[in-house]
There are 2 protein chains.
Amino acid sequence: MSDLGSVVFYTIERAIKTYRQFAQRRLVAAGSTLTVDQWLVLNVLEEEPGIQQGLVAELVFKDKASIARMVDLLVRTELVERKVPASDRRSVSLRLTRKGKRELVGITPVVEDYRKRALKGVKAGDIVALQGTLNRIMANCDE
Amino acid sequence: MSDLGSVVFYTIERAIKTYRQFAQRRLVAAGSTLTVDQWLVLNVLEEEPGIQQGLVAELVFKDKASIARMVDLLVRTELVERKVPASDRRSVSLRLTRKGKRELVGITPVVEDYRKRALKGVKAGDIVALQGTLNRIMANCDE
DNA sequence: GATAGTACAATGATATATCAATTGATGATG
DNA sequence: CATCATCAATTGATATATCATTGTACTATC
């Protein structure tokens with residue numbers, strides 16, 4: 001178990017990294033210039049238009065600072081709009097631009113496809129078990 | 001399954017990130033200034049003294065460029081030595097300094113402890129299953 | 001032994017992760 | 001209503017990830 005224990009985290013890292021590289025290759029092959037993380041953020045904005053940055057950070061499990069910088073980029077590339085609501089001028093309200101929506105719609109089938117490919121031959125029960133184990137690990141790591 | 005499929009990668013990311021943050025907190029709490037990744041590299045050098053950079057990159061599943069920069073840091077902090085062997089002057093041979101060995105020895109029990117904590121209540125069978133599933137995903141992602 | 005191809009590493013550019021410090025705005029309390 | 005604590009976001013500093021490019025050294029082939 002000690003042996004397994006020393007390797008399992010390495011396996012998890014390797015797996016998620018392999019998957020991300022795979023996903024990124026697929027995005028590039030589909031002609032997108034988005035990164036996987038940028039796609040994630042766009043996806044959140046699609047589902048929660050007007051959301052503020054801090055909430056996006058929570059939803060995608062990233063740092064607020066990272067999100068701020070990603071949004072900078074997405075605004076620069078005109079995929080996302082920042083607005084400051086009068087109700088609370090500390091916050092910003094994010095939403096997709098027309099261009100952002102188009103980009104997202106175009107790329108979504110690509111994402112669905114590579115997710116499906118990555119999970120080929122993996123049974124639903126395997127996924128449930130995996131999530132259970134990972135949840136347990138996360139609980140152990142929350143002190 | 002489509003639903004599960006869209007969430008499972010997110011869970012994996014979240015799990016490994018949670019674990020890394022946990023590990024980093026533990027290192028800091030133990031008075032170390034190492035990052036988790038730096039510890040990994042030191043550990044490889046302990047086990048394979050004289051190894052060259054490209055091989056380290058493979059072993060820890062990182063980019064060669066990342067390793068080059070990490071080694072820069074570790075050399076600057078005097079934990080690692082770079083030597084250019086006469087046999088092949090393109091390559092570099094890496095090994096721990098005395099200080100690096102001391103640091104590693106001091107921190108190893110901390111690492112073992114937090115690994116054990118992170119896996120508390122996780123059965124050996126769960127780990128085997130998890131690795132099986134992740135290996136399958138990785139195989140799917142290698143085209 | 002000159003040349004072409006290949007191998008190893010370093011570097012530049014850009015994106016992300018994290019922590020700390022700061023700024024500006026809001027809300028609570030005296 | 002003035003002050004203080006808190007909150008949202010930005011910014012700076014440093015570390016890592018990735019890709020492309022470059023530089024240097026080796027190797028094979030002619």
Side-chain angles (χ1 to χ4, degrees), chain A residues 13-14 16-29 32-42 50-77 79-80 82-94, chain B residues 13-14 16-29 32-42 50-77 79-80 82-94:
Chain A
E13 289 242 31
R14 209 154 43 89
I16 197 64
K17 228 184 249 189
T18 302
Y19 168 71
R20 287 176 69 90
Q21 290 167 351
F22 170 68
Q24 193 63 58
R25 277 198 307 274
R26 289 263 156 183
L27 287 182
V28 170
S32 175
T33 59
L34 291 177
T35 66
V36 174
D37 291 315
Q38 287 169 1
W39 181 86
L40 261 178
V41 170
L42 294 187
I51 194 174
Q52 54 184 34
Q53 275 186 204
L55 292 178
V56 175
E58 277 180 42
L59 286 178
V60 301
F61 204 70
K62 287 179 183 297
D63 197 83
K64 285 197 316 177
S66 295
I67 295 297
R69 279 157 184 145
M70 288 177 62
V71 171
D72 282 347
L73 275 179
L74 293 170
V75 168
R76 224 179 297 151
T77 51
L79 300 173
V80 168
R82 260 194 188 112
K83 268 187 210 161
V84 175
S87 58
D88 183 346
R89 302 206 335 260
R90 289 170 304 186
S91 66
V92 301
S93 166
L94 301 175
Chain B
E13 288 242 31
R14 209 154 44 89
I16 196 66
K17 228 185 247 188
T18 301
Y19 168 72
R20 286 177 71 89
Q21 290 167 351
F22 170 68
Q24 192 64 56
R25 279 199 305 276
R26 290 263 155 184
L27 288 182
V28 170
S32 175
T33 58
L34 291 178
T35 66
V36 175
D37 291 315
Q38 287 169 4
W39 181 85
L40 261 180
V41 171
L42 293 187
I51 193 175
Q52 54 184 37
Q53 274 185 204
L55 291 178
V56 175
E58 277 180 42
L59 285 177
V60 300
F61 203 70
K62 287 179 182 300
D63 197 83
K64 287 198 315 177
S66 297
I67 294 297
R69 278 154 185 147
M70 290 177 60
V71 171
D72 282 347
L73 276 179
L74 293 170
V75 168
R76 223 179 298 150
T77 52
L79 300 173
V80 168
R82 259 193 187 112
K83 268 187 209 159
V84 175
S87 57
D88 183 346
R89 297 197 350 251
R90 289 170 304 185
S91 68
V92 301
S93 165
L94 302 174

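Proteins get letters first, then strands, A, B, ... in listed order; numbering begins at 1 in each.
Among the protein residues, B:Arg25 comes within range of no part of the nucleic acid, since none of its heavy atoms lies under 4.0 Å from any strand. Residue contacts shown for A:Asp88 are limited to sugar-phosphate atoms, with no base heavy atom under 4.0 Å away.
A:Leu34 contributes atom CG, which lies 7.5 Å from atom CG of A:Leu74 (distance to the nearest 0.5 angstrom). Atom CG of A:Asp37 sits about 11.5 Å away from atom CG of A:Leu73, to the nearest 0.5 Å.
What separates CG of A:Leu40 from P of C:dA15 is a distance of 17 Å, to the nearest Å. Atom pair B:Ile16:CD1 and C:dA17:C1' shows a separation of 14 Å (rounding to whole Å applied). Straight-line distance from the CG atom of B:Asp37 to the C1' atom of C:dT18: 13 Å, rounded to whole Å. Counting to the nearest Å, the P atom of C:dC8 and the CG atom of B:Leu94 are 14 Å from each other. Rounded to a whole Å, the CG atom of B:Leu73 is 13 Å from the C1' atom of D:dA13. Rounded to whole Å, the distance from CD on A:Gln53 to C1' on C:dA25 is 16 Å. Protein atom CE of A:Met70 is 17 Å distant from nucleotide atom P of C:dT14, rounded to whole Å. When rounded to the nearest whole Å, the span between CD of B:Glu13 and P of D:dT16 equals 18 Å.
Map B:Lys17 and B:Arg82 each onto its nearest nucleotide of DNA chain C; the residue landing nearer the 5' end is B:Arg82. Residues A:Ala86 and B:Arg20 both approach DNA chain C. Their nearest nucleotides, taken by heavy-atom distance, put B:Arg20 toward the 5′ side. Nearest-nucleotide assignment on DNA chain D puts the 5′-proximal partner with A:Arg69, out of A:Arg69 and A:Gln24.
When the side-chain nitrogen and oxygen atoms of A:Ser91 are compared with OP1 and OP2 of D:dC7, none of them lie within a distance under 4.0 Å. Proximity of A:Arg89 to the phosphate of C:dA25: a side-chain N or O atom is located under 4.0 Å from OP1 or OP2. Not one side-chain nitrogen or oxygen of B:Gln21 sits closer than 4.0 Å to the OP1 or OP2 atom of C:dC19.
In terms of heavy-atom proximity, A:Phe61 sits nearest to B:Lys17 at O-NZ, 2.9 Å. Between A:Ala23 and A:Val36, the shortest heavy-atom distance links the atoms CB-CG2, 3.9 Å. Residue B:Ser93 comes nearest to B:Pro85 through the heavy atom pair N-CD, 4.0 Å, listed as atom of the first residue, atom of the second, then distance. Taking both residues in full, the closest heavy atoms of B:Gln53 and B:Ala68 are given as NE2-CA, 3.5 Å, listed atom of the first, atom of the second, then distance.
If you check residues 58-67 of chain B against DNA chain D, the residues with a heavy atom closer than 4.0 Å are B:Lys62, B:Asp63, B:Ala65, B:Ser66, listed by number.
Using a 4.5 Å heavy-atom threshold, the side chains of B:Val71 and B:Val92 count as separate.
Here the side chain of B:Arg90 is nearest to one of D:dT11, C:dT26, C:dC8, namely C:dC8.
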